[in-house]
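Because only heavy atoms are used, hydrogens play no part in the values below, and waters and symmetry mates are left out as well, while side chains stay in.
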Amino acid sequence: MANDLERTYSREQQRLGREFDEPTLTPSLARQLSQAEKNVILSPIRIEEEDDHLRPDHGDDDREKSPPQSSLEAEERAPQKKIIKFDEADPEQPNNWRQRKKLYAVFVAICTVMNSTITSSLAAGATKPISDRFNETNESRLILPTSIYLVGYTCGPLIFGPLSEQYGRKSSMVVAFAIFTIFSICAAVSPNYAALVIFRLLVGIAGSCPIVVVGGICADVYHDPQSRGRAMALFMAATTFGPILGPPISGFISQLSWSWAFWIGAIISGATWPILLLMPETYAPVILKARAQKLRKETGDESIIAPIELEEANLNHIVTVVLTRPIRMICFEPLVLFTCLYLSYAYAIFYIFFQSYPIIFTGIYGFNAGLEGLTFLPIGIGAIISAGFYLAWDSILNRARKQNKPWARKEEMRRLPLGCLAGPFFVISLFWAGWTARKDIHWIVPTLAGIPFGMGYLCLFMSLLNYLVDAYEIFAASASAASSFSRSSFGAVLPFAAKPMYRTLGVAWACSLLGFLSLAMCVIPFVFIKYGYRMRERSRFCQYLAEKKKEEAEAVEREKVGKGGTEDRR
């Protein structure tokens, strides 16, 4: 099996060197090639083997054997490939784009995320009209239009996250958004309840693509952690506001017809299409591939290639290496595993609210579906406040780094303190809501409990997702896919237990149970601050990235020394 991580790193780091004037492969580039590729791409230089311990995706059984002597002789006779790279200041390298172009790419990505997240909760505000239309009274089945959407969120990331690292961000998003739009329309014209559930599943699968890919887009256009973190904060605010807007929209408009709850989603997606089609590709390897194709056409020189074109693109490679990477990260990367666990629990509580808020505000206070949907808005207010926390912490950290304070140099201190702050907000919110939701207490009091929940929710996501992106960099889409897969699994399953739990324990003790579990989860960011460095040291992915960065730095230094020597001789 070819070395997946070696190829991924190399194609993401094409920022150095000249464009395509190198007639032979350097040893570092040659190491990217699988054995089959070495037999095709012919070079007179010696091909060095990678140490096995630096190959996180490369098992002991995959060691490559030396090619036959006849193949080596054939290599020497064949034309040499010219591998193009981005120059450090190349204007087509996404990190070098003008700020306006970067912001447009992030804006489009956030718009597609808003489409997906609003649609995720549209069914929650139209439960009664859907029940009346399809004569469906089973409580568990009426949860399906919302939960099955999140089941789609568990499947889609494992497909679209890795494929966006293979074929580019824009192409993945356009294909997924086309599926999303088509089945949003199908959901609105569903002939029966079973069809509605199936169409919602398909919409959810396609809708997961922007949620996974937007992290990769932010990493593509912002290599600076500070700028990337701010872009990610905007994205995560969108993922918070989307589900909040769904219930009030569908709660009011479904009074006209159950189908209007889903037509709204289709209309919003239709309005997003023009800006999506105008979005530039942000994935550097795909941009290089387009450049290589253009140069081959203009010059007639078929030896000009981009690094991504050296990869295996067969189905076996995609299935066994590319698509399995998020699962392997969950299983073998403690940082990913525990991040997924905490985010999944927080996400599940959010979607449990879609079942518990009707019990509280319709059952206790007599709200209709539209008014009950409005009670989610304080969560959005809390999210806005937490965005202010993020910017304030960013300023504090920058000031501390300028003063060379030792604590500010720790990578874990860049993101995780906000995660430490998030846990107590969850606990306060849940106990507040549980013990104030009574007829003798005004409805505004439990409604305002959403503010600390929104603060904790967004602080947690901004902290831990940014930490994952910083730690895994070029594998950000796969790490995000792992996170999306796990939290969507929790969000799809746990709401089924919400109504039985609230009716058995009562509102106060059901919220308290969630609060106690939140208290136990609080420890995770603190553990990361103390032991995160050791976890990254032992991570095969992080070790690999560190080694490649070291090699890149040494190569740049050698290049500078070489250029200096040449100028002296002149």
For the residue pair Phe461 and Tyr347, does the interplanar ring angle fall in the parallel (under 30°), tilted (30 to 60°) or perpendicular (over 60°) class?
->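 Phe461 vs Tyr347 ring planes: tilted.
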Do the ring planes of Phe354 and Tyr351 sit parallel (below 30°), tilted (30 to 60°) or perpendicular (above 60°)?
->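 Perpendicular.
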Does any non-hydrogen side-chain atom of [Y] lie less than 4.5 Å from one of [X]?
| X | Y | answer |
| --- | --- | --- |
| Tyr345 | Leu514 | yes |
| Ser518 | Leu430 | yes |
| Thr339 | Phe528 | yes |

Enter the distance from [X]:[atom1] to [Y]:[atom2] here, rounded to the nearest 0.5 Å.
| X | Y | atom1 | atom2 | value |
| --- | --- | --- | --- | --- |
| Thr282 | Gln93 | OG1 | CD | 10.5 Å |
| Ile179 | Leu202 | CD1 | CG | 8.5 Å |
| Phe431 | Ser512 | CZ | OG | 4.5 Å |
| Leu391 | Asp394 | CG | CG | 7.0 Å |

Please give me the minimum heavy-atom distance between [X] and [Y], naming the atom from each residue.
| X | Y | value |
| --- | --- | --- |
| Ala520 | Val523 | O-CG1, 3.4 Å |
| Ser386 | Met455 | CB-O, 3.5 Å |
| Ser463 | Leu416 | OG-CA, 3.4 Å |
| Val213 | Phe160 | CG2-O, 4.2 Å |
| Trp407 | Ala400 | CZ2-CB, 3.4 Å |
| Pro495 | Ile143 | O-CD1, 3.9 Å |

For Ser429, what residues pass the side-chain hydrogen bond (donor to acceptor under 3.5 Å, both in side chains) criterion, not counting sequence neighbours?
->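 side-chain hydrogen bond (donor to acceptor under 3.5 Å, both in side chains) list for Ser429, sorted by chain: empty.
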Those residues that, when tested against Glu281, pass side-chain hydrogen bond (donor to acceptor under 3.5 Å, both in side chains) (two or more places apart) =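 By the side-chain hydrogen bond (donor to acceptor under 3.5 Å, both in side chains) rule, Glu281 matches no residue at all.
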More than 12 heavy atoms of other groups within 6.0 Å of Phe338 CZ |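 Incorrect, the count does not exceed 12.
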Within a reach of under 6.0 Å around NZ of Lys289, are more than 12 heavy atoms found that belong to other residues, nucleotides or ligands?
->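 12 or below, so no.
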Centroid separation Phe453 to Phe425 less than 6.0 Å =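 Distance test on ring centres: not under 6.0 Å, no.
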Phe353 and Phe350: aromatic ring centres closer than 6.0 Å?
->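 Judged by ring-centre distance (under 6.0 Å), Phe353 and Phe350 do not meet the cut-off.
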Results of salt bridge (charged side-chain N to carboxylate O under 4.0 Å, His left out) for Arg415 - residues two or more places apart only =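 Arg415 satisfies salt bridge (charged side-chain N to carboxylate O under 4.0 Å, His left out) with Asp470 once adjacent residues are dropped.
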Side-chain donor-acceptor pair present, Ser116, Tyr153, cut-off under 3.5 Å =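 Ser116 vs Tyr153: donor-acceptor pair found between side chains.
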